[in-house]
Amino acid sequence: MKVAWAGSRETLELSDRMAKLVANDPVFEKFTRPMLGRKELFKNTLRKAAHGWKLIVDLRLTEEEAKWLRLYIDEPAYTDLHWGMFIPAIEGQGTEEQKKKWLPLAQKMKIIGCYAQTELGHGSNVQGLETTATFDPQADEFVIHSPTLTSSKWWPGGLGKASTHALVYARLIVGGEFHGVHGFIVQLRSLEDHSPLPGITVGDIGLKFGNGAYNTMDNGVLRFDHVRIPRNQMLMRVSQVTKEGKYMQSDVPRQLIYGTMVYVRQTIVVDASKALSRAVCIATRYSAVRRQFGSRNGGPETQVIDYKTQQSRLFPLLASAYAFRFVGEWLKWLYMDVKQRLEANDFSTLPEAHACTAGLKSLTTTATADGIEECRKLCGGHGYLVSSGLPELFAVYIPACTYEGDNVVLLLQVARFIVKTVSELGYKQPVGTTAYMGRVATLMQNNCAVRTAEDWLNPGAIVEAFEARAARMAVACGRQLAKFENPEEGFAELASDLVEASVAHCQLIVVSKFIEKLQQDIPGKGVKQSLEILCYVYALFLLHKHQGDFLAVGYLTPKQALLANDQLRTLYSKVRPNAIALVDSFNYTDHYLGSILGRYDGNVYPKLYEAAWEDPLNDSDVADGFHQYVQPILKQKLHSAKL
Ligand SMILES: CCCCC/C=C\C/C=C\C/C=C\CCCCC(=O)SCCNC(=O)CCNC(=O)[C@H](O)C(C)(C)COP(=O)(O)OP(=O)(O)OC[C@H]1O[C@@H](n2cnc3c(N)ncnc32)[C@H](O)[C@@H]1OP(=O)(O)O
Ligand SMILES: Cc1cc2nc3c(=O)[nH]c(=O)nc-3n(C[C@H](O)[C@H](O)[C@H](O)COP(=O)(O)OP(=O)(O)OC[C@H]3O[C@@H](n4cnc5c(N)ncnc54)[C@H](O)[C@@H]3O)c2cc1C
């Protein structure tokens, strides 16, 4: 099962080596993180990042090894955005000449970059960004300027204190004409003494949610006061500005400027499976350790993992972790395919790539953020201790529902895509993830044929149910939209229904890709069978949770919905014997889990007790402040009988 989770034996071995390299290095200790002050915390993050870079250089780690190393260091840092956005943006939107100049500098970390798109006043609305880049033909330069307070760049990770350069997204103005938002490489700080360059005001935006957590990252604020950069520092693969001041839009779609976001969104889907699997690993192991009630004749109390309510909350999350892992694997393939096509100037699958990355990023991050919180609750009181690992995991993870695109805004992008597909059904055969809409007549006509709970253990029945739900919801939205004279007005009015139809479409993708994964060769005795059970748990859990959709579109009867729930209960009993093996398959070290509740050895109570005394508050029996503030209360003589 470890190979199935890792993807291959090579990846399992490589990631295992990196995990152990980090776990055995005291520099990467994590437990004290939540107790550090902001400056000490940030300095410690810089220290870890520097040590990580030294390991990469000294050990000559490959790009893949370095990626796993940074993952297992498990600390948001400027390197995430340098490697995860600044470099990919240059790779995707730079000309060959620009890549030749800037990539070696960035890859050798001679410069540190961030991705500065969001502003104080605009994040979702990229076309509303206010920073300006005005071409000066006399000087053959762009003048980068922050004309308003709301044009201040705000949020970019690594911007506040670490980065020397930024990829700045600004409104391109040539000869007084606005030509859309484009990316510009701008140096922010001196490479000599790291001081901000003239015209640059830069700093950190302040404390964020949680102790430690994402406060290791210097999300920054940045303002420009007429800062000049050479013309060749506008990324010009998509569009160009000539020396003469002529704007040229190549035959590449303007949306390629958004390409880095597509790339990051697909990485975020796999990240979701990692984050959710960590929380599920902790909650599952602890649920097996924790006993509460149920003792008979003085015997041991019941393991809480054996309660049906615990199983009905925990096992769908376990199944979701595997589901997101496999859909993330497919999404990576989709992204690489569209990237290759783009290199051949084939833009045909760009809309599908955008819709899939946007929709799956939204769906998996929402489910993961909710899932981590559910795992905290599954651990009872001890889940609320920092030493459980869950509060910090939650605090670090939840911005994923916002960054790289607010999850609702992204679902609205999916809605545009499926509404457009429905509107073209009469004359254009849908392909890819919307191919099922080509069978809309059948899907609208045929209802569910399930007669017994067993009938739900049929991939065909599952896929047809999810296809019918998604198709019928999309067609219903299309029909409603047709009633509006102004399509944009209709879209705004029906936005909530469209979002629900988008969720249905995206859940169909996840379920379908899980089923397709099971049709592949999966090594290991009993592994495929275990994954099949999880696949059905995932699908039937969604069907149960969203049964209102399936009933409202008339595809399911209440009886069939009840049969699905009956089957779900049976499936939980089948997951139970393998639950620990399934989470052990994630192959996480205790260091990476950072959780006393999730320890591999299950030695929870002694370690919880031990850890309590390490809290600074226990440095003395009588806490500082007692004598000054409490003792006087205890000693005071009160005359009024009432007090
Ligand atoms: C080694 C370590 C690795 C680490 C990995 C690193 C990162 C990942 C891991 C952790 C994360 C770490 C840190 C956090 C990073 C976070 C960074 C950020 O947040 S960067 C900023 C992100 N911002 C956004 O996502 C903004 C969201 N808004 C938009 O994308 C757009 O404004 C819009 C909502 C899509 C609207 O676009 P527009 O204003 O142009 O209007 P539309 O009419 O809707 O679109 C026009 C047209 O274009 C199509 N389209 C839109 N976007 C794309 C796209 N991305 N790709 C392709 N096509 C796109 C859209 O469909 C329309 O097409 P059509 O309908 O045919 O006209
Ligand atoms: C931890 C973190 C790291 C980040 N890192 C970076 C970075 O490195 N670089 C960078 O450039 N940015 C970064 N960001 C910014 C991030 O990309 C934006 O916050 C994100 O794109 C959301 O945009 P917004 O903040 O403008 O939200 P808004 O769009 O203002 O969202 C506010 C509310 O309005 C709703 N809304 C907005 N538009 C619509 C609409 N059309 N229809 C319906 N509802 C709507 C949203 O759903 C939401 O509920 C980061 C943010 C965070 C939290």
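All values derive from a computational prediction rather than experimental measurement. The figures here come from the full heavy-atom set of this structure, side chains too, leaving out hydrogens, waters and symmetry mates.
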Crowding at NZ, Lys208 (>12 non-hydrogen neighbours, <6.0 Å) |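 Correct, the count exceeds 12.
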Other residues, nucleotides, ligands: >12 heavy atoms within 6.0 Å of Glu130 CD =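 Yes, because the 6.0 Å sphere around CD of Glu130 holds more than 12 heavy atoms from other groups.
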Could you check if a side-chain atom of [X] sits within less than 4.5 angstrom of a side-chain atom of [Y], using non-hydrogen atoms only?
X: Glu374; Y: Leu317; answer: yes
X: Leu494; Y: Phe484; answer: yes
X: Pro156; Y: Leu222; answer: no
X: Met234; Y: Gln93; answer: no
X: Leu543; Y: Arg469; answer: no
X: Leu443; Y: Glu464; answer: yes
X: Leu412; Y: Phe491; answer: yes
X: Trp333; Y: Met336; answer: no

Taking [X] for the side chain and [Y] for the main chain, is one N or O donor matched with an acceptor at less than 3.5 Å?
X: Ser502; Y: Leu411; answer: yes
X: Ser151; Y: Thr148; answer: yes
X: Asn565; Y: Leu562; answer: no
X: Lys361; Y: Gln266; answer: no
X: Thr357; Y: Ala353; answer: yes
X: Ser273; Y: Phe324; answer: no
X: Asn447; Y: Leu556; answer: no
X: Asn219; Y: Trp155; answer: yes
X: Lys428; Y: Thr421; answer: no
X: Thr366; Y: Leu363; answer: no

Side-chain H-bond candidate by donor/acceptor type, [X] with [Y], under 3.5 Å:
X: Ser277; Y: Tyr588; answer: yes
X: Thr557; Y: Gln560; answer: yes
X: Glu75; Y: Thr216; answer: no
X: Asn407; Y: Thr402; answer: no

Would you check, one step at a time, whether the test side chain to side chain donor-acceptor pair (under 3.5 Å) holds for His354 with Gln255?
-> CA-CA 10 Å; His354 168 46; Gln255 287 83 7; over 6 Å; no
Heavy-atom pair with the smallest gap, counting every atom of [X] and [Y]:
X: Val510; Y: Ala323; value: CG1-CB, 3.8 Å
X: Val269; Y: Gly328; value: CG1-CA, 3.7 Å
X: Leu149; Y: Ser152; value: O-OG, 2.6 Å
X: Ala89; Y: Leu235; value: O-CD1, 3.9 Å
X: Val264; Y: Gly84; value: CG2-O, 3.5 Å
X: Leu481; Y: Gly490; value: CD2-C, 3.4 Å

To the nearest 0.5 Å, how far apart are [atom1] in [X] and [atom2] in [Y]?
X: His182; Y: Leu172; atom1: NE2; atom2: CG; result: 5.0 Å
X: Arg341; Y: Leu350; atom1: CZ; atom2: CG; result: 11.5 Å
X: Asn345; Y: Phe347; atom1: CG; atom2: CZ; result: 4.0 Å
X: Glu467; Y: Tyr555; atom1: CD; atom2: OH; result: 9.0 Å
X: Phe178; Y: Arg171; atom1: CZ; atom2: CZ; result: 3.5 Å
X: Ser595; Y: Glu392; atom1: OG; atom2: CD; result: 11.5 Å

Lys274 to Trp68, cation-pi by 6.0 Å centre distance and 45° axis angle =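 Flagged: Lys274 positioned over aromatic ring of Trp68.
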What is the ring orientation for [X] with [Y], classed by angle as parallel under 30°, tilted 30 to 60°, or perpendicular over 60°?
X: His82; Y: Phe86; result: parallel
X: Tyr538; Y: Phe514; result: tilted
X: Tyr592; Y: Tyr72; result: perpendicular

What's the verdict on side chain to side chain contact (heavy atoms under 4.5 Å, CB included) for Met437 and Val475, showing C-alpha distance, side-chain angles and the deciding distance?
-> CA-CA 9 Å; Met437 289 196 196; Val475 166; over 6 Å; no
Arg416 and Glu488: CA distance, side-chain angles, deciding distance, salt bridge (charged side-chain N to carboxylate O under 4.0 Å, His left out) verdict = CA-CA 10 Å; Arg416 284 186 182 282; Glu488 281 309 309; 3.3 Å; yes
Check: [X] ring centre within less than 6.0 Å of [Y] ring centre:
X: Tyr536; Y: Trp456; answer: no
X: Phe466; Y: Phe550; answer: yes
X: Tyr115; Y: Tyr169; answer: yes

Show your working on side chain to side chain contact (heavy atoms under 4.5 Å, CB included) between Thr433 and His505 and close with a plain yes or no.
-> CA-CA 9 Å; Thr433 54; His505 173 71; 3.9 Å; yes
Can you check salt bridge (charged side-chain N to carboxylate O under 4.0 Å, His left out) on Glu329 and Lys513, steps first, answer last?
-> CA-CA 9 Å; Glu329 196 174 71; Lys513 297 310 170 188; over 6 Å; no
Residue pair His544, Leu568: steps toward the side chain to side chain contact (heavy atoms under 4.5 Å, CB included) verdict | CA-CA 9 Å; His544 179 65; Leu568 205 43; 4.2 Å; yes
Pair Tyr335-Tyr263, ring-ring contact (aromatic ring centres under 6.0 Å, His included): steps then yes or no | CA-CA 7 Å; Tyr335 174 75; Tyr263 160 72; 5.7 Å; yes
For the pair Arg278 and Asp74, evaluate salt bridge (charged side-chain N to carboxylate O under 4.0 Å, His left out) and give the outcome as yes or no after the intermediate values.
-> CA-CA 12 Å; Arg278 283 171 71 180; Asp74 186 30; 2.8 Å; yes
Applying side chain to side chain contact (heavy atoms under 4.5 Å, CB included), run through Phe326 and Leu518 and close with a yes or a no.
-> CA-CA 10 Å; Phe326 298 142; Leu518 296 171; 5.8 Å; no
